[in-house]
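Below: one structure, written as structure tokens.
In what follows, chains are A, B, ... by sequence order, proteins preceding strands, each numbered from 1.
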2 protein chains.
Amino acid sequence: MRTESRKEEIINAAAILFKEKGYSAVTMRDLARAMGIKAASLYNHIQSKQEILSTIIIDLAEEFTSGMNQIANSDQNTIDKLEKIIGLHIDVTLRNADGLASLNNDWMHLEEKNLLYFEKMRRDYEENFRQIVINGVHANEIKPYNIEIIVFSTLSTLRTLYLWYPNQNNIDANILKKDMMSVLLKGVC
Amino acid sequence: MRTESRKEEIINAAAILFKEKGYSAVTMRDLARAMGIKAASLYNHIQSKQEILSTIIIDLAEEFTSGMNQIANSDQNTIDKLEKIIGLHIDVTLRNADGLASLNNDWMHLEEKNLLYFEKMRRDYEENFRQIVINGVHANEIKPYNIEIIVFSTLSTLRTLYLWYPNQNNIDANILKKDMMSVLLKGVC
DNA sequence: TTACAAAACTAACAATTGTTAGTTTTAAAT
DNA sequence: ATTTAAAACTAACAATTGTTAGTTTTGTAA
């Protein structure tokens with residue numbers, strides 16, 4: 001197993017702290033304390049607090065972008081695509097739940113350039129999702145409810161997984177995927 | 001129409017700023033600038049930055065608590081109760097979407113006493129919700145999926161309404177309630 | 001043992017933070 | 001016109017912020 005570099009250790013520790021209190025409330029001295037070193041020592045490994053944030057968020061956003069593009073460009077039916085999207089969110093959540101907190105709550109603290117890049121990726125992701133739902137309605141695979149409400153309610157659940165899943169002990173990822181499909185698509189009553 | 005006091009104006013302005021950047025990233029000078037006065041002048045109306053945050057969050061949490069208690073103690077069937085809960089979230093979101101951002105993202109910055117009070121209200125709210133779902137399953141009104149997944153996916157959507165609803169121009173509240181019921185309960189395919 | 005790079009340290013900085021004290025302005029009631 | 005309370009102001013504070021400069025320690029390869 002690949003041992004993580006000191007820089008990666010710092011970024012992971014930062015993600016945990018950012019999850020607990022948000023980017024702005026975490027000081028470099030907090031982060032240093034969590035690493036067992038002094039704040040100035042962090043700068044042997046990272047360039048700035050901002051670099052930590054953008055690494056966490058942009059890496060995750062690119063992961064979602066890449067995953068979504070593959071799914072959207074595939075020739076599966078709507079239900080299969082939605083299943084793949086749910087799987088994507090569950091996989092990313094399992095691998096990096098802490099980072100997802102920053103992506104969801106601290107993206108607005110990215111500096112200009114990365115902020116624009118992030119916002120474009122998020123817009124594109126949502127647009128891909130919306131098109132899949134629209135196609136599903138046209139193909140009679142999805143009920144003709146208000147598109148925006150379907151997109152919003154589904155995405156809001158998937159985006160919030162990071163808050164919930166780490167607290168559920170031993171729900172197997174595959175069982176979760178199956179149940180999440182049922183609840184999100186087939187309804188509960 | 002009741003004119004709002006200067007203190008209420010400050011709290012409303014603060015809620016908007018907290019929504020945009022989070023509690024920790026908003027300075028008293030930011031807030032003063034938004035009000036068109038100097039930072040020190042704010043203290044003629046409020047006691048502290050912390051008081052602003054706790055007013056925003058605790059008022060909203062008590063509103064949810066009171067609404068949920070009425071619903072949980074009523075003798076309606078499960079579906080009607082869920083409909084009332086959805087209505088509660090939509091009503092609160094319509095009235096104070098900005099404040100809900102703080103409730104969702106900045107509750108951890110409450111000081112000890114209010115933090116414990118808030119966490120208890122949130123626990124009780126969730127437990128009430130869970131019991132309603134459990135009773136619904138027993139009464140065969142709700143499909144016997146994993147309870148935690150039903151509770152999580154529904155609540156995550158309702159909690160995130162504040163991000164989405166203000167951006168939808170003129171979706172009537174009653175239509176939204178009806179569609180949200182359909183999507184959350186009857187499924188989309 | 002020496003050499004060297006990685007990674008820690010101490011000390012300090014300029015800027016920003018929430019907040020206080022004391023004073024002046026504004027506007028309505030007498 | 002005078003009084004009074006509300007609401008603004010200026011000036012300053014002590015603490016905390018992200019970050020830099022320069023130095024010392026640590027561990028590994030030659």
Side-chain angles (χ1 to χ4, degrees), chain A residues 2-58 101-102 105-115, chain B residues 2-58 101-102 105-115:
Chain A
R2 173 169 172 348
T3 55
E4 59 183 1
S5 74
R6 202 76 175 122
K7 180 169 183 173
E8 286 168 330
E9 286 182 54
I10 290 172
I11 289 172
N12 288 336
I16 293 174
L17 295 180
F18 292 169
K19 177 180 184 176
E20 289 168 359
K21 313 201 300 172
Y23 174 73
S24 302
V26 174
T27 71
M28 296 304 277
R29 286 166 180 83
D30 289 338
L31 178 53
R33 195 176 320 118
M35 293 291 299
I37 61 178
K38 298 288 175 180
S41 305
L42 293 169
Y43 289 84
N44 284 317
H45 307 282
I46 52 112
Q47 295 196 18
S48 64
K49 190 186 179 189
Q50 174 66 212
E51 186 204 12
I52 298 175
L53 183 71
S54 56
T55 301
I56 293 173
I57 295 181
I58 300 295
S102 299
N105 300 317
D106 284 321
W107 56 267
M108 73 286 282
H109 299 118
L110 291 171
E111 33 132 57
E112 177 87 346
K113 203 181 129 198
N114 277 323
L115 179 59
Chain B
R2 170 166 172 354
T3 56
E4 59 182 1
S5 73
R6 202 76 175 120
K7 180 168 182 172
E8 286 168 330
E9 286 183 53
I10 290 172
I11 289 171
N12 288 337
I16 293 174
L17 296 180
F18 292 169
K19 177 180 184 174
E20 288 168 358
K21 313 201 301 173
Y23 174 74
S24 302
V26 175
T27 72
M28 295 304 278
R29 286 166 181 82
D30 290 337
L31 178 54
R33 196 177 318 117
M35 293 290 299
I37 60 177
K38 298 289 175 179
S41 306
L42 293 169
Y43 289 85
N44 286 318
H45 307 282
I46 52 113
Q47 295 197 17
S48 64
K49 190 185 178 190
Q50 174 66 213
E51 186 205 13
I52 298 175
L53 182 71
S54 57
T55 301
I56 293 172
I57 294 180
I58 299 295
S102 299
N105 300 318
D106 283 323
W107 56 268
M108 73 286 282
H109 298 117
L110 291 171
E111 30 132 58
E112 176 86 348
K113 202 181 131 198
N114 277 323
L115 178 59

Does the pair A/Tyr23 and A/Met108 meet the rule for a side-chain contact (heavy atoms from CB on, under 4.5 Å), with working shown? CA-CA 10 Å; A/Tyr23 174 73; A/Met108 73 286 282; over 6 Å; no
Stepwise, does the side-chain contact (heavy atoms from CB on, under 4.5 Å) test hold for A/Ile11 with A/Lys7? CA-CA 6 Å; A/Ile11 289 172; A/Lys7 180 169 183 173; 4.1 Å; yes
Would A/Leu115 and A/His109 count as a side-chain contact (heavy atoms from CB on, under 4.5 Å) if you check the C-alpha gap in whole Å, the side-chain angles of each, and the deciding distance to 0.1 Å? CA-CA 8 Å; A/Leu115 179 59; A/His109 299 118; over 6 Å; no
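- Within the 4.5 Å cutoff, the side chain of A/Leu110 has heavy atoms near those of the A/Ile57 side chain.
- Closest of all the heavy-atom pairs between B/Leu42 and B/Ile10 is CD2-CD1, 3.8 Å.
- Of all heavy-atom pairs spanning A/Asp106 and A/Phe18, the tightest one is OD2-O, 4.2 Å.
- Between B/Asp30 and B/Ala25, the closest heavy-atom pair is OD2-O, 3.7 Å.
- When side chains are defined from C-beta on, A/Gln47 does not count as touching A/Ile52, because their heavy atoms never get closer than 4.5 Å.
- Residues of residues 33-49 of chain A that place a heavy atom closer than 4.0 Å to DNA chain C, in numerical order, are A/Ile37, A/Lys38, A/Ala40, A/Ser41, A/Asn44, A/His45.
- Distance A/Glu111 CD to D/dG18 P: 16 Å, rounded to the nearest Å.
- Within residues 10-32 of chain B, the residues that have a heavy atom under 4.0 Å from DNA chain C are, in order of number, B/Val26, B/Thr27, B/Met28, B/Arg29.
- Between A/Leu53 atom CG and D/dG18 atom P there is a gap of 13 Å when expressed in whole angstrom units.
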